[in-house]
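Note sheet for the following structure.
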Amino acid sequence: MFRLEKRPTPSRFWLYATPVAAVVLTMLAGGLLFAAMGKNPFLVIKTIFWDPVFGEFAWYLRGQLLVKAGPLILIAIGLALGFRAGIWNIGAEGQYIMGAICGAAVGLAFYPTESRLIFPAMILAGAFGGWLWAMIPALLKTRFNTNEILVSLMLVYVAETILAKAATGFLRNPEGAGFPGSRNFSSYPAAANPELIAGSGLHWGGVAALGVAVAAYLLLTRHVLGFQIRLSGQAPRAARFHGVSPTVLTVLCMGISGALAGLAGLFEVTGPAGKISIDFSSGYGFTAIIVAFLGRLNPLGIVLAGLLMALTYVGGEMAATNLGLPAAAIQVFQGMLLFFLLAVDVLTNYRFRRMAGAAAAGAK
Amino acid sequence: MTGTGTEPGTARPELLRIEGVTKAYPGVVANADIGFTVGAGEVHALLGENGAGKSTLVKMIYGLVKPDSGAMHLHGRPYAPAKPAEARRLGVAMVFQHFSLFEALTVAENVALGMETPPPMRELATRIRAVSEEYGLPLDPSRLIGDLSAGERQRVEIIRCLLQDPKLLIMDEPTSVLTPQEVEILFRTLRQLSAEGTAILYISHKLEEIRTLCDAATILRRGRVVGTCIPKDRSAREMAEMMVGATLTPPQRVPGPKGEVALGVSDLSVASPIPFGTALKDVSFTVAKGEVLGIAGVAGNGQDELLLALSGELKTDPDKLRVNGQPAGDLGPTERRRAGLVAAPEDRYGHAAAPDMSLVENAFLTAGLRRQLARGGFIDWAKTRAFAEEIIADYDVRTPGPDVAARALSGGNLQKFLIGRELLQGAGVIVINQPTWGVDAAAAAAIRQKILDQAAAGAAVVVISQDLDELLEVSDMFAVLNEGRLTRPRPVQGLSMDEIGLMMGGAHGMEVAHHVE
């Protein structure tokens with residue numbers, strides 16, 4: 001028999017050991033899952049975690065890692081700022097879609113003009129679109145005290161409907177013979193977001209993600225606003241006593257996370273995706289929630305977590321095509337990661353103590 | 001004063017004997033080799049500073065904590081309760097400092113909830129009336145707890161215990177929430193119980209009370225018994241020095257000349273943002289430079305709301321509050337600090353400080369602006385750290401260093417840090433709620449001295465406290481907050497205890513007492 005006992009101060013060891021333990025536990029439980037599905041668990045795990053980096057097709061897949069990690073990191077950092085402040089933006093997926101639509105719309109409006117100003121204008125529009133979509137739950141929360149989790153989540157489905165409308169209606173390629181989808185940005189250089197170094201997978205979104213990670217790290221550790229964000233999350237009454245306005249902070253954090261998600265959408269639509277299409281939405285906004293927590297809500301941790309999550313994406317696709325695993329199995333695998341992370345996280349603030357008279361092994 | 005109990009000196013039959021009881025927690029020995037005896041009908045005081053081990057000791061007697069070693073005997077038989085229910089069955093009852101009552105239920109319903117096999121409600125109400133009448137504790141069983149004063153709520157807890165016909169009643173800091181008149185009623189009840197043979201184990205900081213009430217005292221320091229005494233034969237000062245193990249110097253005050261008004265509040269009315277809170281109604285007062293205004297009152301009468309309204313967490317019309325003559329009612333906490341007003345709330349863990357943040361970060365929490373700890377929006381952590389170290393040195397904060405989390409500090413040490421953080425900002429107006437709540441005697445004396453030093457240096461100070469002795473010690477002017485209204489401040493010199501009691505609204509529920517009789 002065990003019981004949990006609160007630690008006097010949070011454990012430094014478990015703070016950093018938690019993500020590692022969660023990954024290991026996910027591999028174990030995931031392995032059992034794959035075994036139950038009749039696959040060789042070692043082969044699946046190797047396909048997911050090893051092959052993309054060191055396998056036969058690594059020359060191509062390593063680039064794919066950056067392509068996937070960029071938007072995840074960009075979105076997760078914005079979410080982490082809000083999560084640190086106790087503001088739960090769950091609708092980054094919607095903000096990501098709206099950023100892509102707004103940015104793409106600005107670019108397409110200028111087609112076929114060639115100007116160096118078009119791409120920067122699209123970046124601004126993308127950030128604005130995400131910001132605007134995040135302002136809806138933010139203002140509803142501050143004005144009417146609605147729950148931002150529900151509102152931001154429900155707005156994802158609204159955004160998906162608008163996306164379908166854009167792909168089949170107002171942004172459809174007039175020369176596309178009636179097929180849904182916008183013009184392809186790869187054939188419109190002024191608005192395209194190509195690989196910066198051929199074969200590397202790095203585009204402007206990856207650069208932005210790294211820049212934002214460093215900026216967010218400095219914000220949280222050095223800046224007064226970062227202090228206020230952390231304070232609001234840890235001790236809301238102390239934050240008000242310090243002089244933080246919960247309203248201003250909510251609007252600010254929702255705005256930043258929305259704008260970053262919008263940016264991610266814009267870089268995606270102009271780069272890897274190439275165009276607005278019905279299936280443009282790919283779940284980055286939701287997966288970024290896992291990335292944010294896996295990275296301990298710390299910008300530098302999020303960079304690592306984003307790369308790891310990208311690995312499960314890329315490796316998961318490999319496993320799906322080569323080993324015939326259903327895509328849902330990979331999503332379960334990713335979900336397990338968050339599940340174990342939250343479970344193991346308890347150990348940062350609590351420790352197991354054995355009740356008198358019982359003798360058994362500790363938690364595995 | 002009726003019923004003095006058994007005459008001191010007469011041999012009482014032994015009720016409870018504690019021998020060599022030891023209890024250790026990781027990193028601290030709470031009780032080491034404790035031994036004392038309580039006779040039947042004896043009122044026995046347990047004295048000691050915070051952290052001396054009183055709570056752990058009574059929790060062991062009440063069956064909440066198991067001793068590591070040692071033995072307890074009740075009625076001469078070995079006594080080792082595994083849980084409170086067992087202790088209650090053997091005749092040991094306890095009234096806690098913090099009540100466990102449901103505000104939305106009636107008195108009788110709350111009492112029933114604490115019983116293993118409650119009788120029918122009607123019968124219970126009759127029994128509650130009978131007990132309350134017998135012991136002079138006016139209480140109507142059909143009233144809602146939410147409508148009762150703190151003193152009346154305590155009576156519910158006491159009556160809950162008396163219904164079990166206890167042989168030993170443990171009371172933890174019972175008078176901290178009472179008006180002087182209510183204390184008088186409580187003492188009469190306790191003396192009557194003692195005369196009937198019920199022993200009382202009485203924990204308190206208030207030494208004068210112990211001198212009037214208790215037959216014997218056991219004094220604890222750092223988990224050990226350091227002495228026993230007959231409280232009537234000792235002065236409060238002597239007992240305090242036994243508790244602390246050092247000579248105490250009472251705060252010195254040098255009344256300076258009063259300057260012009262630094263803080264003016266006029267007709268301030270605000271609704272409470274706290275559930276079950278108390279709205280402030282037409283609160284008016286002024287505090288001059290160099291003056292200390294003490295605001296007394298039983299907890300829950302608007303103290304928290306007053307602090308929020310003064311700190312800027314609750315905003316009002318600009319003119320309702322003036323700092324150095326300038327309207328400040330509509331300013332938030334940051335702007336008020338800029339205007340020269342600093343505040344220290346009562347709740348240290350979560351309001352005045354962020355428990356999980358380090359002392360350095362907590363130093364920045366309020367002092368960032370006035371101590372210029374940030375430049376261009378970026379925090380100068382080296383400078384903030386130096387400020388935290390300055391507080392630690394100046395206010396004798398016992399901590400391994402400035403990087404530990406605030407929650408790792410004991411209540412008294414954290415309070416010294418937080419008071420120091422505000423007082424070292426050189427502000428002209430200082431507001432403090434409960435400066436020494438839960439702080440040991442030596443630290444409390446140090447904090448009061450620092451407050452007086454600030455006033456002597458020309459600061460206008462408002463001290464909100466439930467400790468009358470403290471207020472009388474530090475204040476020039478005295479007012480009482482009662483149900484959200486503030487009495488007109490009066491000079492402390494020449495105020496009698498009776499007058500103070502009347503200002504505090506007398507004894508709550510005296511009308512009911514007539515009704516019952």
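Lettering follows sequence order; numbering is per chain, from 1. Just so it is clear, the model here is predicted, and its values are computed rather than measured.
Contact of B:Glu361 with chain A is made through backbone and side chain together, with heavy-atom distances under 4.5 Å. Neither the backbone nor the side chain of B:Asn362 comes within contact range of chain A; no heavy atoms are under 4.5 Å apart. In this structure, no portion of B:Arg336 lies under 4.5 Å from any heavy atom of chain A. In this structure, the portion of A:Thr221 lying under 4.5 Å from any heavy atom of chain B is its backbone and not its side chain. At a 4.5 Å heavy-atom cutoff, the contact between B:Ala354 and chain A is made by backbone and side-chain atoms alike.
Under the 30°/60° scheme for interplanar angles, the aromatic rings of A:Phe83 and A:Phe293 are found to lie parallel.
Classification of A:Lys141 and A:Glu148 as a salt-bridged pair holds, one side-chain N sitting under 4.0 Å from a carboxylate O.
Side-chain contact between B:Pro333 and A:His242 is absent, with no heavy-atom pair separated by less than 4.5 Å.
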Original post:
Between A:Ile302 and A:Ile77, is a side chain to side chain contact (heavy atoms under 4.5 Å, CB included) present by the stated rule, with each step listed?
Top reply: CA-CA 7 Å; A:Ile302 286 170; A:Ile77 284 173; 3.8 Å; yes

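When each of B:Ala343, B:Gly376, B:Gly332, B:Gly312 is scored by its heavy-atom pairs under 4.5 Å with chain A, the top score falls to B:Ala343.
In this structure, CD1 on A:Ile73 lies 12.5 Å from CG on A:Leu260, to the nearest 0.5 angstrom.
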